[in-house]
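So the structure is just underneath, and the comments pick up after that.
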Number of protein chains: 2
Amino acid sequence: MTPQERRRQLVGIGLRMFVERPVGDLSVDEVAAAAGVSRGLLFHYFPTKTDYHRAVVAAAGRRVRRNVAPDDGVVGEAAVRQVVERFLDQVERRREWYVALVRGRTELSRAAPDDPMETVTEFVADLACRELALPASARPAARGWVAYLEDRALQWSALPERERSAGRDDLVAHCVSALAVLTATDEIRGGVS
Amino acid sequence: MTPQERRRQLVGIGLRMFVERPVGDLSVDEVAAAAGVSRGLLFHYFPTKTDYHRAVVAAAGRRVRRNVAPDDGVVGEAAVRQVVERFLDQVERRREWYVALVRGRTELSRAAPDDPMETVTEFVADLACRELALPASARPAARGWVAYLEDRALQWSALPERERSAGRDDLVAHCVSALAVLTATDEIRGGVS
DNA sequence: ACCCTCTGTTGAGCAATGCTCAATAGCGTG
DNA sequence: CACGCTATTGAGCATTGCTCAACAGAGGGT
């Protein structure tokens with residue numbers, strides 16, 4: 001088996017086991033056993049367990065990024081709305097998996113130069129800034145908005161099915177508006193004093 | 001040494017070591033050594049390492065909650081403003097410590113009925129709802145706002161000192177306004193369409 | 001056909017760590 | 001002084017992250 005295939009296989013196994021327990025608690029033996037290889041081989045591909053951990057979380061991040069990206073050709077506020085919708089879908093349909101991802105990326109936050117956690121946040125914040133033609137000064141607010149969006153999505157996805165589908169459209173509208181409002185520093189400053 | 005003192009001592013040690021490495025990576029031996037006791041004793045007080053972990057994070061959460069609580073007698077929007085200010089202070093003055101807390105609480109998020117992470121979030125959200133007399137329907141937005149506030153505080157506290165002190169007042173004003181706007185569902189819906 | 005190298009792979013083994021348990025020490029009480 | 005209670009110990013077990021020297025077998029050059 002070629003190295004690239006092996007890596008994919010191993011990371012793939014991590015992505016699946018991920019849901020059940022945090023990657024940190026996952027033993028190398030288990031992964032190796034699931035792959036039908038020896039412990040040693042895993043260390044051949046990922047010199048450290050943390051490296052493996054990082055690879056798995058990074059792959060998860062890329063997957064989410066793919067899933068929430070808007071269709072080609074959709075631009076402006078419509079793109080933002082689509083991202084919000086897809087983000088809600090993502091969190092709703094695979095809630096535990098997403099929660100596991102949040103945990104995994106947080107565990108890695110220490111000494112992570114290419115912090116894989118940032119993948120999704122950066123992507124969404126960038127997209128929002130671009131599509132709404134926001135000034136550079138609005139970037140922190142846009143990033144904060146992503147945190148807001150994620151929290152709302154996690155709360156919402158924990159609701160019983162009935163309330164969830166009922167409130168979905170309102171939530172989308174609210175979050176889209178929220179981005180505009182939070183990044184419109186002048187308006188918001190005057191709004192409440 | 002009385003059991004209560006021992007517990008306090010052990011948790012206190014955890015609170016201090018906490019900054020350097022995640023509680024999860026902290027070995028029982030180290031804690032025991034720092035306390036001048038044997039491994040075994042630690043397991044006498046905290047049957048599982050996770051229990052110890054939880055105790056430390058819970059204590060950290062209580063400490064933050066104390067630090068951000070507004071003064072007695074301060075009510076309404078002033079109370080919210082004070083919480084925001086104190087929250088920024090907290091994150092700024094002990095950034096690594098706060099980051100460690102975020103990590104610690106996330107690590108525990110699995111199967112945590114009395115999730116200590118919630119301590120601070122719940123506290124701030126409750127306070128905001130109460131002081132601004134928000135309806136129950138605004139609760140999710142208030143919780144989301146806490147996530148927004150935390151993210152902004154973490155971004156801001158990473159800035160070089162100059163920009164930090166310059167932007168501080170604006171950030172406080174922005175966050176206080178943001179709470180009002182995010183929870184005023186009608187306004188925000190109409191505001192941007 | 002033989003050997004040789006290169007690389008994916010193995011498995012034994014080390015050190016650290018979470019955890020258990022029987023035994024001890026020290027103190028207050030009858 | 002003896003007794004019991006409880007905080008405390010330290011040896012020991014199983015697991016786990018990680019190292020390393022050795023193996024297998026496919027391809028190529030002679």
Side-chain angles (χ1 to χ4, degrees), chain A residues 1-18 20-59 100 103-112 116, chain B residues 1-58 100 103-112 116:
Chain A
M1 201 178 246
T2 150
Q4 201 181 0
E5 288 174 324
R6 260 276 120 84
R7 286 186 97 93
R8 287 183 105 92
Q9 180 205 19
L10 295 171
V11 170
I13 289 173
L15 279 178
R16 264 173 267 122
M17 300 195 128
F18 203 179
E20 316 239 330
R21 73 187 76 184
V23 191
D25 291 5
L26 198 58
S27 83
V28 175
D29 289 318
E30 279 174 288
V31 178
V37 300
S38 69
R39 259 181 318 251
L41 192 61
L42 207 74
F43 285 102
H44 177 68
Y45 288 100
F46 304 94
T48 273
K49 194 192 173 185
T50 305
D51 290 316
Y52 177 67
H53 191 164
R54 203 186 305 283
V56 172
V57 173
R103 178 150 14 127
R105 80 193 191 191
T106 311
E107 275 177 43
L108 285 176
S109 69
R110 131 178 307 257
Chain B
M1 202 180 245
T2 149
Q4 200 181 1
E5 288 173 324
R6 259 278 118 85
R7 287 186 97 92
R8 288 184 105 92
Q9 180 206 17
L10 295 171
V11 170
I13 288 173
L15 279 178
R16 263 173 269 126
M17 302 196 125
F18 202 177
V19 194
E20 316 240 330
R21 72 187 78 185
V23 192
D25 292 5
L26 198 57
S27 81
V28 176
D29 289 318
E30 280 174 289
V31 178
V37 300
S38 68
R39 262 181 315 252
L41 191 61
L42 208 72
F43 286 102
H44 177 68
Y45 288 100
F46 304 94
T48 272
K49 194 194 172 183
T50 305
D51 290 316
Y52 177 66
H53 192 163
R54 205 186 304 283
V56 171
V57 173
R103 176 148 17 124
R105 80 193 189 193
T106 312
E107 276 178 41
L108 286 175
S109 68
R110 128 180 308 259

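The basis for the numbers below is simple: all heavy atoms, side chains too, and nothing from hydrogens, waters or symmetry mates. This one's a predicted model, so the numbers in the text were calculated from it and none came from an experiment.
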Output the distance between atom [atom1] ([X]) and atom [atom2] ([Y]), rounded to the nearest 0.5 Å.
X: B:T50; Y: A:D25; atom1: OG1; atom2: CG; answer: 8.0 Å
X: B:E20; Y: B:E30; atom1: CD; atom2: CD; answer: 10.0 Å
X: A:L42; Y: A:T48; atom1: CG; atom2: OG1; answer: 11.0 Å

Would you mind telling me which of D:dT16, C:dG18, D:dC18 lies closest to the side-chain atoms of A:D29?
->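 Among D:dT16, C:dG18, D:dC18, the one nearest the side chain of A:D29 is D:dT16.
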Closest heavy-atom contact between B:V28 and B:K49?
->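 Taking B:V28 first and B:K49 second, the nearest heavy atoms are CG2-CG, 4.2 Å.
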Output the rounded distance in Å from [atom1] ([X]) to [atom2] ([N]).
X: A:D25; N: C:dG18; atom1: CG; atom2: C1'; result: 12 Å
X: A:Y52; N: D:dC18; atom1: OH; atom2: C1'; result: 16 Å
X: B:F43; N: D:dT9; atom1: CZ; atom2: C1'; result: 14 Å
X: A:K49; N: D:dT15; atom1: NZ; atom2: P; result: 16 Å
X: A:D51; N: D:dG17; atom1: CG; atom2: C1'; result: 13 Å

What nitrogen or oxygen pairs link the protein and nucleotides 6-10 of chain C at under 3.5 Å?
from	atom 1	to	atom 2	distance (Å)
C:dT9	OP1	A:R6	NH1	2.4
C:dT9	OP2	A:R6	NH1	3.3
C:dT9	OP2	A:Y45	OH	2.9
C:dT10	OP2	A:S38	N	3.0
C:dT10	OP2	A:S38	OG	3.2

Just by modelled atom types, is the B:Q4 backbone N or O under 3.5 Å from a matching donor or acceptor in the B:T2 side chain?
->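 Yes.
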Within 45° of the six-membered ring axis of A:F18 and under 6.0 Å from that ring's centre, is NZ or CZ of A:R103 located there?
->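 Output no; distance or angle outside limits.
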